[in-house]
Structure formats: structure tokens, C-alpha cells
J.: 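Submitted below is the structure of interest, expressed as C-alpha cells.
In the text below, chain A, chain B and the rest are named by the order of the sequence lines, each starting its count at 1. Since this is a predicted model, take the numbers as computed values, not measurements.
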Amino acid sequence: MAFFTWLFTRHEGGQFVLRTEDTDRTRSTEAFEAAILEDLRWLGISWDEGPDVGGPVGPYRQTERAGLYREHAAILVERGAAYPCYCLPEELEAERQRAAAEHRPFRYSGRCRDLTPAGRAEMEAAGRRATLRFRVPAAHGPLVVDDLVLGRVEFAPEDLDDFIIQRSDGSPLYNFANVVDDHTMRITHITRGAEHLSNTPRQFLMYEAFGWAQPRVAHFPSLLGVDRKKLSKRHGDTAVREYKAQGYLPEALVNFFALMGWYPEDGREIFSVEEMITRFRIEDVGKSGAVFDAQKLTWMNGVYLQEALRRTPERVVELVVEALRGAGLLDGDAGPEQRAYVARVVAIMGERLRLPKDVLTYGDFFFRDEIVYDPQAVRKQFRGQATAAMLGRLRDALGGVVPFELAGIEKAVRDTAAALGVESKDVIHPVRVALTGKTVGPGLFELIAVLGRERVLARLDRAARLAQETVPHGDGAR
RNA sequence: GGCCCCAUCGUCUAGAGGCCUAGGACGCGGCCCUCUCAAGGCCGAAACGGGGAUUCGAAUUCCCCUGGGGCCA
């Protein structure tokens with residue numbers, strides 16, 4: 001993906017040229033491009049030239065460069081470095097099948113390589129439309145790729161078949177289009193995924209045919225899914241969208257991506273974009289593909305969410321509002337009042353969040369009129385009449401707390417426990433269940449203050465009735 | 001199928017001949033702290049794919065195999 005290219009150019013102080021490679025027309029739409037650019041921007045990845053901002057060597061969309069490719073294909077044909085091939089896909093497929101059946105490697109037969117003008121005319125007359133094939137030179141030394149990440153890699157030219165550079169409809173193939181683009185855009189360093197390594201010798205051959213200097217290349221390790229298969233482009237791109245929608249922070253994503261294949265010398269894992277750029281060294285990039293570990297990403301997001309909480313709590317509030325909306329616990333048009341309420345909630349439980357949606361597991365009760373009692377929690381903390389009585393007492397105590405604030409609330413709870421001759425926690429736990437329906441969540445006193453007297457008293461009442469019905473099991477647990 | 005790349009805990013990785021009893025991080029388990037959970041602190045389980053070779057000595061170099069991935073089809 002564009003990520004390492006960005007890191008590399010920013011570190012080296014070069015120009016990052018973004019190009020839309022949409023020769024694979026089946027899945028290329030303007031909307032698709034716009035979405036990708038938007039995601040990159042959201043991640044904080046910036047470029048100096050590209051389809052949206054233009055630049056001196058544009059246009060930056062391959063579909064807008066069709067003429068350029070045709071011109072250059074013509075040059076190769078003129079030089080004899082490429083030739084029209086009239087073989088039909090079905091014929092090629094048949095040859096391939098035959099090769100497989102006879103257990104020998106499939107090579108292009110070269111049938112059209114030395115077609116005479118008369119032979120070509122015959123094919124044309126038969127209504128065949130030609131693709132263009134690149135003629136791999138017969139006697140050529142080893143093709144050496146001196147990769148910035150992988151080191152020296154050699155390919156034997158005789159292993160390369162004459163390959164197609166232009167489809168019969170005149171559209172260019174990826175490999176060819178890239179060579180033309182990279183040269184005409186004066187690209188000095190090609191940085192791309194490792195899956196393109198095998199294309200490199202073919203591209204070098206084309207550079208030679210044109211008489212162009214070869215740029216440096218760097219192949220970064222691929223990102224793998226949990227199945228160890230390479231994350232497809234589509235897959236990876238939609239992933240960013242999904243993480244964004246789930247409330248992941250872009251800085252967490254960027255930090256996480258950086259660690260996929262590259263580690264700073266001192267082993268630190270959390271660093272800012274600035275640090276990342278200054279410390280990034282292409283020679284430290286690993287060679288093996290890395291599996292995307294969603295759990296670690298989530299952990300890292302927690303780290304950044306905590307930082308955001310300290311620095312810009314309103315940003316966390318915004319994220320939490322989105323999560324609540326998504327869960328249907330907040331109106332679509334959360335007004336300032338509701339936001340202020342969410343802010344209070346975030347203030348007392350923000351440190352528990354790794355993802356905005358964690359608000360649902362720790363604090364959904366702040367946003368429900370009817371809270372949901374976790375049966376297990378009820379069974380564990382409610383002891384029939386005794387609990388009901390205790391809740392009633394606390395209700396009365398809380399009813400008299402003025403102002404309804406932390407200190408008074410805590411005193412009321414602890415005094416109730418003392419009056420009952422039990423430990424504070426023996427009151428706190430059942431009360432938490434009574435007010436929230438669960439055994440996990442923010443501190444009880446804080447939560448009571450945020451909930452407010454009215455709701456607290458109502459929930460205590462309701463819980464007392466529930467507790468009464470909850471007869472302790474005779475299982476000897478206590 | 002041919003060619004190419006890769007190979008350390010489940011995952012991301014440190015390690016560039018002795019510093020390795022293989023280190024860190026996420027995750028996992030335990031303990032502590034504590035009103036619960038989370039966080040935090042401490043502790044723990046967990047890896048050099050296999051076989052040769054070089055060397056006084058190999059995770060580290062070389063070869064083969066195996067496995068995974070990719071490109072071309």
C-alpha cells in the first residue's frame with residue numbers, strides 16, 4: 001500500500017507521487033478512487049502530486065494516459081521489441097492445458113513472433129485483433145534486481161515468456177503502463193508490495209528496449225490476513241474504512257502499520273508520526289510478510305484513545321457519541337445537552353475504553369431508560385429480602401443527600417453499610433447491579449452522581465422489588 | 001507446473017558467530033492493588049521448521065528438504 005512509500009518519501013525528503021492505477025477496469029470507478037484518497041487523507045498520509053492535486057507530470061490517472069501508452073507501444077513495435085500476436089485466449093488456454101497434461105512447463109509457443117507481413121494480413125483478414133507482445137531478447141545476460149529491501153535478486157531471461165503489453169482492445173497491461181508512467185513521471189524510486197517483485201525483470205527489459213535508465217526499486221513485505229494469504233488490495237482498502245467506522249484512531253492505525261515489517265532500533269512500539277518519519281530506515285524493513293493482528297491493533301488503539309482523553313477529551317466524546325448512535329442509544333441529532341452528558345460519562349469511564357464501542361459494555365445503562373439486568377449478576381449479588389431492605393435503606397439515605405455530589409453520596413453508601421454492620425463492598429456490589437444491571441463499570445459513587453438522584457432512586461426501587469423475588473439458591477454457596 | 005521471495009513464542013518482532021539459560025510487545029494464565037471491571041505493578045507458560053556442512057563455537061554463514069507466500073500462466 002501507499003503507506004511505506006509515504007514513510008520513505010517523507011523520511012528522505014522526496015516527492016510522493018500518487019498515481020491511480022486503473023487499467024484493471026473491472027473494479028475501477030471514480031467513487032472507488034475518491035474513497036481511497038479520502039482514507040489516506042484521514043490516516044494523515046499526504047502526497048505531493050496526484051490525481052486530485054495535479055502536478056507537473058500528470059495526468060495521474062492511467063485511464064487519462066491511454067494515448068501515451070499507445071504511442072509508446074508503437075515505439076516498441078517500430079523497434080521490433082514488440083509484435084502483434086493474434087493468438088486467441090482459447091488457443092493459448094488449449095496450449096496451456098496440453099502442457100499441463102504432458103507435465104512440461106507451459107511456454108508461449110512463439111507462433112506469432114516471426115509472422116511475415118503477409119501472415120499478419122491473413123490474420124487481420126480473418127478478423128483477428130492483435131494483442132501486443134514484448135519480445136524478450138534471445139541472448140541476454142541475467143537480469144539483476146538490486147532491491148533496497150530484498151537485496152540482489154537474479155532472474156534468468158529464458159524463464160521469461162514474451163509477455164503481453166497491450167490487450168487486443170488497445171488498453172495497456174499493468175506492467176507496461178507502469179514502465180511508461182514511472183519514466184515519464186520521472187520516478188526515481190519505485191516502492192511497492194513484494195508481490196510485484198516478479199514483474200520487475202520484465203519491466204527492466206522494457207526500460208532497456210526504450211533506452212531508459214532504471215529507477216531504484218524497493219519491495220516491501222506483504223500484509224497477510226490471518227489465513228496467511230496476502231490481504232488483497234480491495235481487502236486492505238476496505239479495512240481502513242471499516243476500522244474508521246468502528247472508531248479506531250488514525251494515529252493508532254498508522255503506528256500499527258509501521259510496525260508491520262519495521263521496528264525501530266530500541267524496540268519502542270509507540271511513537272508519533274514525526275518520530276516515525278525521522279527514525280524510519282528502509283534498511284530496517286524486514287523481508288517476511290506480516291500477519292495483521294487485530295488484537296494488538298485494538299490494544300494500540302486503547303493507548304492512543306487514552307492519550308486523546310488527556311489531550312482532547314472532546315474528540316473522545318465525539319467518537320463515543322458515534323458509537324452510541326450506532327447502537328441506537330442516542331438520537332441522531334445529539335444536542336449540546338446530550339453531548340455534555342456524554343462528556344460526564346466519558347470523564348468517569350474513559351480510561352476503560354480501548355474502542356469507543358466499549359462504552360456499551362461499561363456504560364450502556366447511562367443511556368437506557370430501562371436497564372438490562374444481567375441474570376448472572378443478579379444471581380450473584382441479590383439475596384432476597386435482605387438485599388431489598390438494604391436497597392431501601394440506601395434509597396432513603398440517598399434521598400437526603402444535598403447537594404447530590406460525590407462526597408455526600410459516598411458518605412451515604414458507607415454509612416448505610418456501617419449501620420447494617422457490613423463492609424462497604426457488601427453494599428457497593430449489589431447496588432451496582434441494581435443501578436447498572438451488571439458487575440462491571442465505573443466507580444459506584446461517580447456513576448451515582450452522573451445518573452442523578454431521580455434515576456438512582458427509581459432504579460433502587462425497581463431493584464428492591466426484583467431482589468425480593470430473587471430467592472438465594474440453596475446451593476450452599478454462602 | 002516454471003520462476004522468485006520468505007522462514008525466531010499463537011501474532012508483530014529483537015537477534016547481523018561466542019554478550020542467548022534466545023530479549024521485548026500484543027494475547028493468554030497467576031498474584032498484588034482495589035467497590036467491580038479496566039488500567040497499573042510483579043510473576044509465569046510460550047519460539048530458533050528438519051537435515052547436512054563450515055567453525056573451537058551457529059538462531060546468526062553455506063547447501064538440501066519441508067512449509068508458507070507471490071508472479072507468470
J.: Taking atom P in both B:U11 and B:A47, what distance in whole Å separates the two?
T.: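 That atom pair is separated by 12 Å.
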J.: Report the base-pairing partner of B:A53 (Watson-Crick or G-U wobble, both distances below 3.5 angstrom), or none.
T.: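 B:A53 is paired with B:U61.
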J.: If you only use heavy atoms from C-beta on, which nucleotide in B:C71, B:C3, B:C12 is closest to the side chain of A:Asp159?
T.: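 The answer is B:C3.
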J.: How would you label the contact of A:Glu195 with the nucleic acid (heavy atoms, under 4.0 Å): base, sugar-phosphate, or nothing?
T.: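 If one applies the 4.0 Å heavy-atom cut-off, A:Glu195 turns out to touch the sugar-phosphate alone, with no base involved.
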J.: If you look at every strand shown and take non-hydrogen atoms under 4.0 Å, does A:Met300 touch a base, only sugar-phosphate, or nothing?
T.: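 Counting heavy atoms under 4.0 Å across all strands, no contact is made by A:Met300.
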J.: Verify whether one side chain among A:Thr298 and A:Tyr248 offers a donor that lies under 3.5 Å from an acceptor in the other.
T.: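 Yes.
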J.: Using the P atom as the point on both nucleotides, what is the distance between B:G41 and B:G24, in whole Å?
T.: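 Here B:G24 and B:G41 have their P atoms 14 Å from each other.
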J.: Using 4.0 Å as the upper bound for N to carboxylate O, is an ion pair formed by A:Arg279 and A:Asp284?
T.: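 No salt bridge links A:Asp284 with A:Arg279.
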J.: Classify A:Arg107 by what it touches in the nucleic acid, base, sugar-phosphate, or nothing, heavy-atom distance under 4.0 Å.
T.: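 The residue A:Arg107 makes no contact with any strand.
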J.: If you check the A:Tyr362 side chain, which of B:A38, B:C6, B:C35 turns out closest?
T.: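 Taking heavy atoms from C-beta onward, the closest nucleotide is B:A38.
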J.: Using a 4.0 Å heavy-atom cut-off across all strands, classify A:Glu154 as base, sugar-phosphate, or nothing.
T.: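 Sugar-phosphate only.
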J.: In Å and rounded to the nearest 0.5 Å, what is the CG to CZ distance from A:Leu253 to A:Phe3?
T.: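 A:Leu253 atom CG to A:Phe3 atom CZ measures 9.5 Å (nearest 0.5 Å).
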J.: Any side-chain donor paired with an acceptor under 3.5 Å for A:Thr20 and A:Asp22?
T.: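 No, no side-chain donor-acceptor pair sits under 3.5 Å.
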J.: If you look at every strand shown and take non-hydrogen atoms under 4.0 Å, does A:Ser424 touch a base, only sugar-phosphate, or nothing?
T.: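 Contact class for A:Ser424: none.
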J.: Is there a Watson-Crick or G-U wobble partner for B:U11 with both distances under 3.5 Å, and which nucleotide is it?
T.: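 The answer is B:A25, by the H-bond criterion.
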J.: What orientation do A:His72 and A:Phe210 show, parallel under 30°, tilted 30 to 60°, or perpendicular over 60°?
T.: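 Rings of A:His72 and A:Phe210: perpendicular, over 60°.
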J.: Across the strands shown, which category fits A:Pro442 at heavy-atom distances under 4.0 angstrom: base, sugar-phosphate, nothing?
T.: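 Result for A:Pro442 = base.
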J.: For B:A14 versus B:G1, give the span between their P atoms, rounded off to a whole number of Å.
T.: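 Rounded to whole Å, the distance is 33 Å.
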J.: Kindly assign one of parallel, tilted or perpendicular to the pair A:Trp212 and A:Tyr207, based on the angle between their ring planes and the thresholds 30° and 60°.
T.: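 It falls in the perpendicular class, over 60°.
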J.: Describe the nucleic acid contact of A:Asp161 in one word from base, sugar-phosphate, nothing, applying a heavy-atom distance below 4.0 Å.
T.: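 Nothing, no nucleic acid heavy atom in range.
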J.: Give none if B:C33 has no partner; otherwise give the nucleotide forming a Watson-Crick or G-U wobble pair with it, both distances under 3.5 Å.
T.: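 Because no pair has both required distances under 3.5 Å, B:C33 counts as unpaired.
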J.: Base, sugar-phosphate alone, or nothing: which one does A:Phe445 contact when heavy atoms must sit under 4.0 Å apart?
T.: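 Base contact.
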J.: For the P atoms, the ones on B:G30 and on B:A22, what distance do you get once it is rounded to whole angstrom?
T.: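 Here B:G30 and B:A22 have their P atoms 26 Å from each other.
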J.: Applying a 4.0 Å non-hydrogen cut-off, can you work out what A:Leu259 is touching in the nucleic acid: base, sugar-phosphate, or nothing?
T.: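 Sugar-phosphate only.
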J.: Checking contacts here: which listed nucleotide (B:C3, B:C35, B:U11) is nearest the side-chain heavy atoms of A:Phe155?
T.: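 So the side chain of A:Phe155 is nearest to B:C3.
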J.: Judged by modelled atom types alone, do A:Thr436 and A:Arg432 share a side-chain donor-acceptor pair under 3.5 Å?
T.: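 No, A:Arg432 and A:Thr436 have no side-chain donor paired with an acceptor closer than 3.5 Å.
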J.: When the ring planes of A:His11 and A:Phe280 are compared, do they come out parallel, tilted or perpendicular, using 30° and 60° as the limits?
T.: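 Rings of A:His11 and A:Phe280: perpendicular, over 60°.
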J.: For a quick check of understanding: with a heavy-atom distance under 4.0 Å over all strands, which category does A:Arg432 fall into, base, sugar-phosphate or nothing?
T.: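 Contact class for A:Arg432: base.
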J.: In the structure shown, which nucleotide is the Watson-Crick or G-U wobble counterpart of B:C20, with both distances under 3.5 Å?
T.: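 Across any shown strand, B:C20 pairs with none.
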J.: What protein N or O atoms touch nucleotides 25-27 of chain B N or O atoms at under 3.5 angstrom, if any, and at what distances?
T.:
from  : atom 1 : to       : atom 2 : distance (Å)
B:A25 : O4'    : A:Glu269 : OE1    : 3.3
B:A25 : O2'    : A:Glu269 : OE1    : 2.3
B:A25 : O2'    : A:Lys296 : NZ     : 3.3
B:A25 : N3     : A:Lys296 : NZ     : 3.0
B:C26 : O2'    : A:Lys296 : N      : 3.3
B:G27 : OP1    : A:Arg354 : NH1    : 3.3
B:G27 : O2'    : A:Gln295 : OE1    : 3.3

J.: Only pairs with both distances under 3.5 Å count, Watson-Crick or wobble alike; so what is the partner of B:G2 in this structure?
T.: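 Base-paired to B:C71.
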